[in-house]
Amino acid sequence: MTHLNKTFAELGVRDEIVRALAEDGKVHPFAIQELTMPLALAGDDLIGQARTGMGKTLAFGVPLLQRIADDTERPLTGIPRALVLVPTRELCLQVSGDLAAAARYLRVGDRKFTVTSIYGGRPYEPQIEALQKGVDVGVGTPGRVLDLAQQGHLQLGGLSVLVLDEADEMLDLGFLPDIERILRLIPERRQAMLFSATMPDPIITLARTFMNKPTHIRAEAPHQSAVHSTTEQYVYRAHALDKVEMISRILQAEGRGATMIFTRTKRTAQKVADELAERGFKAAAVHGDLGQGAREKALQAFRTGEIDVLVATDVAARGIDIEDVTHVINYQIPEDEQSYVHRIGRTGRKGKAGVAVTLVDWDELTRWALIDKALGLGCPDPAETYSTSPHLYEELNIPKDAKGRVGPPHRPDAKRVSARSEERPTRTRTRVRRRTLRGKPIGSHPETPAAEQAPTPESAEEKPGSAPRRRRRRRRTTAGAGTPTANSTGGGNGSSTPASGAMAEKAGAATAAAAGG
DNA sequence: AAAAAAT
C-alpha cells in the first residue's frame, strides 16, 4: 500500500536530489510519489490523492524541482518558476522546508537553488528581499502571495508550475476568490498539480475548469477508506464538563507520545490548553488568535518534544507532519468528514500506529451522524457506545459506574457531579448498534494492549485560583472504522491513471518534516 | 457556523 518497487534513482530523479533524499533516509518512494513521477515530469496536469502522511509533498516536490532544474530551454533566472500554495502559514513553513531540503544540492550556475516561503503574519521586508535576490520556487499562503504580487515584488508571470497543496481546502469558498485572482496572474501555459488526501467530487469538477485534462492519480482505490488501518478510532459520548477530565486520563495512557487535541473554536482551544497546563501537562495552544510568533513557537516546541500536548483549531488539522504523534483527540467534533480525516491524519503517519479518540457531546450527535455516515464508520450514535468498548475504556482508564458505563469523573464536589450523572442517557441505549461497537474499536485490530491503571495526575480538584470555568457546549464521541490499503487508479475526467503494481510494504522513507522559519 | 488567509 505504501510503496511500489523502484527507487528514486531508478525513476530518473537527478543525482543531487537523490543524494539529498537518501541522506534523509528516503530511497524508496511512496506509492503516490512513484505514480506521480512520470506524468509530473512530462508536464501533465494532475490531481494526486493519497492518504495522510503518505508522501504527497515529495510527490509533487521532487518532480517540480527536477523539472525546472532540468529545463534547458528556460534556464532559471531568479524569477519564480514554480509556486506552491498552502492553506496555513505553518504548513507553508513546513513545505518550503521540505522542498529546500530536497533541493539543497541543486545549483543554478554559481548560486544555490532557492526555495522561499511567502506568508502573512510576518514582516514584509525579509520576504521582499529574498524575492529580489532571486527565488526559484515559492511556497506561500494566498493572501501574502497576492499582496506581494500586486505590489510588484513577486513576479508570477514566469511560472511554469503551480501546485495547490490541500487542494480541496484551497478551492473551498474561503480561499477560492484569492486562488482565482492568483490564477489570473499566472501564464496560461503552466502545469497545475493538485494534491490532497480528500477530494470531494464537486471540487474535482471545479478544478477541471482551470486545469488542462488532468489525470487523477490515487495511491489507494476509490472505495478504500481515507483513514489508515493502523489508526484505531474510538468515539465516546461525553458531557461538556467531563471532557477535560477524560482527556487528562487519556493523556496518561501507557505508550502515549505526542498528542494533538482539536477543538472547533479558538477560544476553546486556548481554554483547554490552559486547563491541561494547570493540571501539569506540558501543553500549549495553536490557533488564529495568537500572534504568528506564538503560533510558530508552540508548534516548534511540540516538534522538539519540549511539550507533548498541542491543543489546536483546524489551523493544524492539515498537512502538519510531526513524528510520533501517537494520539489525536477530537475535543469537539470537526465541521465535516474532510476535517475528521485530516485531523486524525496527524497520527498514524508513514505506517506507524495511531489512536484517534473523538468525544461527542449531545448537541453534536446529529452532526456526528453525518460524518459517520459519510465515512462509513458505523457508529452514528455515540450515545450507544456509552457502555461499550470496555477494552478501550480500560486502556484509557476512563471511569465507569457500577453498571460498567463510562461515567463522570470522580470529583470532590460530588453534589454537582451526582446531579449530572443522573441525567446521563442510560435510557437511550438501544442495543441495536452495540454489536458494532462491542469490545475493540471499530475497524481496528482485534488485539490491543490492555488497560493501564495510571493514576490521575491530579484528580479533578477545584483549583482555588482558577476562575469558574465557563462551559461551552459541543461534544463528541464514538468509534471509527478500519481501513484498507493498496493502490489503484482513478479515472479523473477524461484521463485516468494506471493503478500501481504490487505495493511493497516498507516503513520509513518518504516525507519529512523540516520547517524553517 | 467555524477557521483560515493581507494589513
Side-chain angles (χ1 to χ4, degrees), chain A residues 83-96 117-128 131 138-154 156 164-183 185 196 198 203 260-273 285-296 298-299 310-320 330-343 345-346 358 360-361 363-368 370-371 472-476:
Chain A
L83 176 67
V84 179
L85 293 173
V86 298
T88 65
R89 298 163 181 173
E90 289 71 26
L91 187 55
C92 174
L93 284 171
Q94 180 184 293
V95 171
S96 90
S117 53
I118 304 162
Y119 64 102
R122 289 295 195 190
Y124 285 90
E125 293 69 36
Q127 293 176 15
I128 292 174
L131 289 167
V139 179
T141 45
R144 182 61 69 93
V145 163
L146 208 46
D147 193 352
L148 292 183
Q150 291 167 338
Q151 285 186 42
H153 295 112
L154 173 59
L156 297 178
L164 295 190
D165 193 10
E166 303 300 342
D168 54 330
E169 174 76 358
M170 303 308 286
L171 296 177
D172 195 32
L173 295 186
F175 280 115
L176 194 54
D178 279 353
I179 299 300
E180 289 176 328
R181 289 186 195 105
I182 292 172
L183 282 171
L185 302 175
S196 182
T198 52
I203 295 295
M260 289 183 78
I261 298 171
F262 288 99
T263 64
R264 193 177 57 81
T265 67
K266 292 174 282 195
R267 276 183 76 186
T268 305
Q270 190 61 56
K271 183 199 71 172
V272 173
V286 173
H287 53 74
D289 274 350
L290 295 176
Q292 191 54 29
R295 286 170 56 162
E296 289 172 29
L299 198 64
L310 189 66
V311 187
T313 55
D314 275 346
V315 67
R318 287 176 174 257
I320 299 303
N330 286 316
Y331 182 92
Q332 291 172 314
I333 67 170
E335 292 299 320
D336 51 38
E337 65 268 27
Q338 285 78 27
S339 173
Y340 179 80
V341 168
H342 289 279
R343 281 180 175 188
R346 293 320 94 208
T358 299
V360 183
D361 185 79
D363 295 341
E364 301 175 307
L365 287 176
T366 302
R367 203 146 47 89
W368 171 256
L370 294 177
I371 293 174
R472 258 138 234 121
R473 293 289 131 170
R474 258 82 279 215
R475 309 317 163 187
R476 58 250 20 243

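It should be emphasised that the depicted structure is a prediction, and the values quoted were computed from it without experimental measurement. We name chains A, B, ... by the order of the sequence lines, and we start the count at 1 in each one.
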Any side-chain N or O of [X] below 4.0 angstrom from OP1/OP2 of [N]?
X	N	answer
A:T141	B:dA6	yes
A:R295	B:dA5	yes
A:R89	B:dA6	yes
A:T313	B:dA4	yes
A:R144	B:dA5	no

Grab the [atom1]-[atom2] distance between [X] and [N] for me, whole Å please.
X	N	atom1	atom2	result
A:F175	B:dA2	CZ	P	17 Å
A:L185	B:dA6	CG	P	15 Å
A:I128	B:dT7	CD1	P	11 Å
A:M170	B:dA4	CE	C1'	10 Å
A:E180	B:dA5	CD	P	20 Å
A:I333	B:dA2	CD1	P	14 Å
A:D314	B:dA1	CG	P	17 Å
A:L171	B:dA4	CG	C1'	15 Å

**Report entry** Min side-chain heavy-atom separation A:D289-A:Q270 under 4.5 Å
**Finding:**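 With C-beta onward as the side chain, the pair stays apart.
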Report task. Would you mind reporting whether A:F175 and A:L85 have side-chain heavy atoms less than 4.5 Å apart? Result ->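 Counting from C-beta outward, A:L85 and A:F175 never come under 4.5 Å.
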Minimum-distance nucleotide to [X] side chain [options: [options]]:
X	options	result
A:Q150	B:dA5, B:dA6, B:dA2	B:dA6
A:Y124	B:dA2, B:dA5, B:dT7	B:dT7
A:E169	B:dA2, B:dA3, B:dA5	B:dA3

Query raised in the report: At under 4.0 Å between heavy atoms, what does A:G174 touch on the DNA or RNA strands: base, sugar-phosphate, or nothing?
Result: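 Base contact.
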Query raised in the report: What does A:R181 touch in the nucleic acid at a heavy-atom separation under 4.0 angstrom: a base, only the sugar-phosphate, or nothing?
Result: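 The residue A:R181 makes no contact with any strand.
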Query raised in the report: Just by distance, do the side chain of A:Q94 and the backbone of A:G319 share a donor-acceptor pair under 3.5 Å?
Result: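 Indeed, once roles are kept as given, a pair shorter than 3.5 Å links the two residues.
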Query raised in the report: If every non-hydrogen atom of A:Q127 is compared with every non-hydrogen atom of A:R122, which pair is closest and at what distance?
Result: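 Looks like NE2-CB, 4.1 Å.
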Query - Least distance between heavy atoms, A:A285 atom then A:A269 atom - result: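 Distance-wise, the nearest heavy atoms are CB-O, 3.9 Å.
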